[in-house]
Amino acid sequence: MATPVRETTRAVPNGCAEERTPEVWDWRVPPWRGDTDAATARTARARRTAWRRDHPAAWRAGLERLAHYESGYTYDIAHEYEDEWTTDPDYGGEGVHLREYDEDDFVSPEHRRHMPFLMVMLDALIDMLGNRVEHEAELHFPARIGEILGLLTGKEEGKSQVKPDLMVLPRVLELPAGRERSNEGRTIRLDQGHPVPELVVEIVSPTSEHRDLEDKLELYAVLGIAEYLACDPGNPPDPDADEPGSPAKLLLFRLQPDGTYREEQSREDARGIFSRVCATHIRLWQPDVPLAGGLLASVPGMPRFQWWDEGQGRWRDRATDLEYARTDHAVATMRTFLGDELTPADLDTIETAWREHGPPSDHLQCIKAALRAPSEWRSLLPNELDD
């Protein structure tokens with residue numbers, strides 16, 4: 001339903017307050033889908049952008065009133081900067097979250113998989129590489145590079161800062177386990193001679209695909225970053241909206257001697273790619289999860305970013321490590337209580353099944369039942385193996 005000016009309650013973009021024109025929708029308020037129609041949403045955003053271009057002094061004054069204002073940052077007049085949000089993906093203001101617009105210029109709902117997936121990748125990279133991995137840290141470079149690559153602000157100034165989702169820093173910057181970096185330690189200034197990150201990661205969304213797979217691909221190559229990971233966590237199907245969903249994808253680009261990136265292909269595993277920085281294979285594994293309501297059908301769950309542990313001979317991530325430890329404990333319990341009741345071959349059959357499919361959720365009760373009736377030990381196996 002359209003919102004009159006006098007009923008508007010959301011914060012308006014900074015500096016726009018001096019113009020108040022009664023209209024069906026207050027152009028200063030970014031609408032969400034359902035607030036108004038698409039034509040109005042597009043017109044409102046275009047008008048906010050035009051206001052900033054037509055009133056640069058008022059726009060700048062509004063920026064300087066923000067608590068997180070950074071005098072050295074090249075603010076982009078094409079973007080909006082507010083106390084709690086911005087549309088500028090490179091801005092690193094404290095406590096400011098990124099807001100995006102969809103194809104009709106409505107405020108896009110926060111990508112629900114972005115941050116959880118980012119943290120999953122952060123944990124896995126730290127487990128592999130130690131405490132030299134940072135998330136959403138600032139990466140500064142000479143503005144001349146932005147100009148050459150055509151990475152420009154709305155005022156045609158070269159960009160000089162990006163904020164990768166994840167960065168793997170050189171070993172010389174590794175900290176002891178559990179220690180957090182200061183704000184200065186999370187700011188890498190290549191323009192001041194800081195060492196180049198070894199790997200960067202971007203979580204790709206529909207609104208960032210061009211930026212991540214074209215603009216940043218070229219930028220990170222020019223900066224000399226050895227490897228670039230672009231990860232799309234995908235989306236589960238949405239039956240209510242009649243949307244089929246999309247699978248997770250992992251792309252690895254490796255820097256070549258000519259200074260360009262080449263996409264690396266999977267060789268030893270259909271879903272695994274060898275990373276030189278990680279010194280092992282990595283992959284996205286997307287398990288299925290039951291639909292709500294207990295239906296038998298399944299949908300793609302949150303993908304897991306995993307790495308191959310040659311010593312243990314398995315794919316690892318923290319969730320899988322917990323499952324592996326649970327299986328170890330269940331197998332040890334089973335052998336302790338049933339070791340004198342079943343043959344070694346039967347015990348091995350149960351362990352093999354549990355290692356492959358996981359132990360039953362009620363494995364303690366199952367073990368007790370088999371202890372009372374050893375001849376029924378096959379009830380410890382998954383249903384499809386109990387024949």
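These figures come from a predicted structure and were not determined experimentally.
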Side-chain donor-acceptor pairs under 3.5 Å in residues 133-140, sequence neighbours left out?
from   : atom 1 : to     : atom 2 : distance (Å)
Glu134 : OE1    : Arg186 : NE     : 3.0
Glu134 : OE2    : Arg181 : NH1    : 3.0
Glu138 : OE1    : His140 : NE2    : 2.8

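- Thr187 contributes a side-chain N or O that, together with a main-chain N or O of Asn183, makes up a donor-acceptor pair within less than 3.5 Å.
- Side-chain atoms of Arg211 and Ser208 form no donor-acceptor pair, as typed in the model, at a separation below 3.5 Å.
- More than 12 heavy atoms of other residues, nucleotides or ligands shown are found within 6.0 angstrom of CZ on Arg189.
- Leu223 has its side chain within reach of Ile145: a pair of non-hydrogen atoms, C-beta onward, lies under 4.5 Å apart.
- Salt bridge annotation for Glu147-Arg144: present, with a cationic side-chain nitrogen under 4.0 angstrom from a carboxylate oxygen.
- Between the side chain of Asp102 and the main chain of Phe106, a donor-acceptor pair closer than 3.5 Å is present.
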Derivation and outcome, side chain to side chain contact (heavy atoms under 4.5 Å, CB included), residues Asp348 and Arg335:
CA-CA 9 Å; Asp348 290 344; Arg335 288 188 174 275; 2.6 Å; yes
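- The environment of CD in Glu180 is sparse: at most 12 heavy-atom neighbours from other residues, nucleotides or ligands sit within 6.0 Å.
- Listed for the Thr352 side chain is no donor-acceptor partner under 3.5 Å among the backbone atoms of Thr349.
- By the 4.5 Å heavy-atom criterion applied to side chains, Thr280 and Ser275 are not counted as neighbours.
- Judged by distance alone, with hydrogens and angles left aside, the side-chain atoms of Arg254 form no donor-acceptor pair with the main-chain N or O of Glu227 at under 3.5 Å.
- In this structure, a donor-acceptor pair under 3.5 Å is absent between the side chains of Thr74 and Glu157.
- With sequence neighbours excluded, no residue forms a ring-ring contact (aromatic ring centres under 6.0 Å, His included) with His79.
- Under the 4.5 Å side-chain contact rule for hydrophobic residues, Leu151 and Ile148 do not share a cluster.
- Proximity of Leu125 to Cys278: side-chain heavy atoms (C-beta onward) are separated by under 4.5 Å at one or more points.
- Scanning for salt bridge (charged side-chain N to carboxylate O under 4.0 Å, His left out) contacts around Asp123 gives Arg318, with sequence neighbours left out.
- Remark: Asp340 pairs with no residue by the side-chain contact (heavy atoms from CB on, under 4.5 Å) rule, at least two apart or across chains.
- Checked against a 6.0 Å centroid threshold, the rings of Tyr81 and His68 do not count as neighbours.
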Trace of the side chain to side chain contact (heavy atoms under 4.5 Å, CB included) decision for His281 with Trp315:
CA-CA 9 Å; His281 283 79; Trp315 290 100; 3.8 Å; yes
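- A donor-acceptor pair shorter than 3.5 Å can be found between the side chains of Thr260 and Asp258.
- Met334 contributes atom CE, which lies 11.0 Å from atom OG1 of Thr327 (distance to the nearest 0.5 angstrom).
- Judged purely by atom type and a 3.5 angstrom limit, His55 uses its side chain to pair as donor or acceptor with the backbone of Trp51.
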Going through the distances and angles, do Asp328 and Arg355 end up as a salt bridge (Lys or Arg N to Asp or Glu O under 4.0 Å)?
CA-CA 8 Å; Asp328 274 349; Arg355 294 287 182 196; 2.5 Å; yes
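- Listed by first then second residue, pairs satisfying side-chain hydrogen bond (donor to acceptor under 3.5 Å, both in side chains) with a partner in residues 164-178 read His114-Asp165, not counting sequence neighbours.
- Considering only residues two or more places apart in sequence or on other chains, Lys159 meets the salt bridge (charged side-chain N to carboxylate O under 4.0 Å, His left out) condition with Asp76, Asp90.
- Applying the ring-ring contact (aromatic ring centres under 6.0 Å, His included) test to Tyr101 and every residue at least two apart in sequence or in another chain returns nothing.
- Contact check for Tyr324 versus Leu322: no side-chain heavy atoms found under the 4.5 Å cut-off.
- Distance alone, capped at 3.5 Å, is enough to place a donor-acceptor pair between the Thr86 side chain and the Glu80 backbone.
- By the ring-ring contact (aromatic ring centres under 6.0 Å, His included) test, Phe337 is found to be paired with no residue, residues two or more places apart in sequence or in another chain being considered.
- For Tyr220, the ring-ring contact (aromatic ring centres under 6.0 Å, His included) partners two or more places apart in sequence, or in a different chain, are Tyr228.
- Here the side chains of Cys231 and Lys249 are not in contact, with every heavy-atom distance at 4.5 Å or above.
- Formation of a donor-acceptor pair under 3.5 Å by the Asp105 side chain with backbone atoms of Thr43 is not found in this model.
- Listed for the Asn131 side chain is a donor-acceptor partner under 3.5 Å among the backbone atoms of Pro176.
- A salt bridge links Arg304 with Glu323: the distance from a Lys NZ or Arg NE/NH1/NH2 to an Asp or Glu carboxylate oxygen falls below 4.0 Å.
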With salt bridge (Lys or Arg N to Asp or Glu O under 4.0 Å) as the criterion, how do Arg262 and Glu264 come out once you've worked through the C-alpha distance, each side chain's angles and the decisive distance to 0.1 Å?
CA-CA 6 Å; Arg262 183 184 69 189; Glu264 295 300 305; 3.3 Å; yes
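- Looking at Trp25, its side chain does come within 3.5 Å of a backbone N or O of Val29 through a donor-acceptor pair.
- Shown here are the side-chain contact (heavy atoms from CB on, under 4.5 Å) partners of Glu218, two or more places apart in sequence or in another chain: Leu149.
- Checked against side chain to side chain donor-acceptor pair (under 3.5 Å), Gln312 has the following partners two or more places apart in sequence or in another chain: Arg314.
- For Glu310, the CD atom is loosely surrounded, since the number of other residues' heavy atoms within 6.0 Å does not exceed 12.
- Within a 6.0 Å sphere centred on CD of Glu64, heavy atoms belonging to other residues, nucleotides or ligands number more than 12.
- With a 4.5 Å cut-off on side-chain heavy atoms, Glu70 and Tyr91 count as touching.
- With hydrogens and angles ignored, the 3.5 Å screen pairs no side-chain donor or acceptor of Arg99 with any backbone N or O of Trp85.
- Partners of Arg53 according to the salt bridge (charged side-chain N to carboxylate O under 4.0 Å, His left out) rule, which considers only residues two or more places apart in sequence or in another chain, do not exist here.
- Contact of the Val168 side chain with the Pro197 side chain is not registered, since no non-hydrogen atoms from C-beta on lie closer than 4.5 Å.
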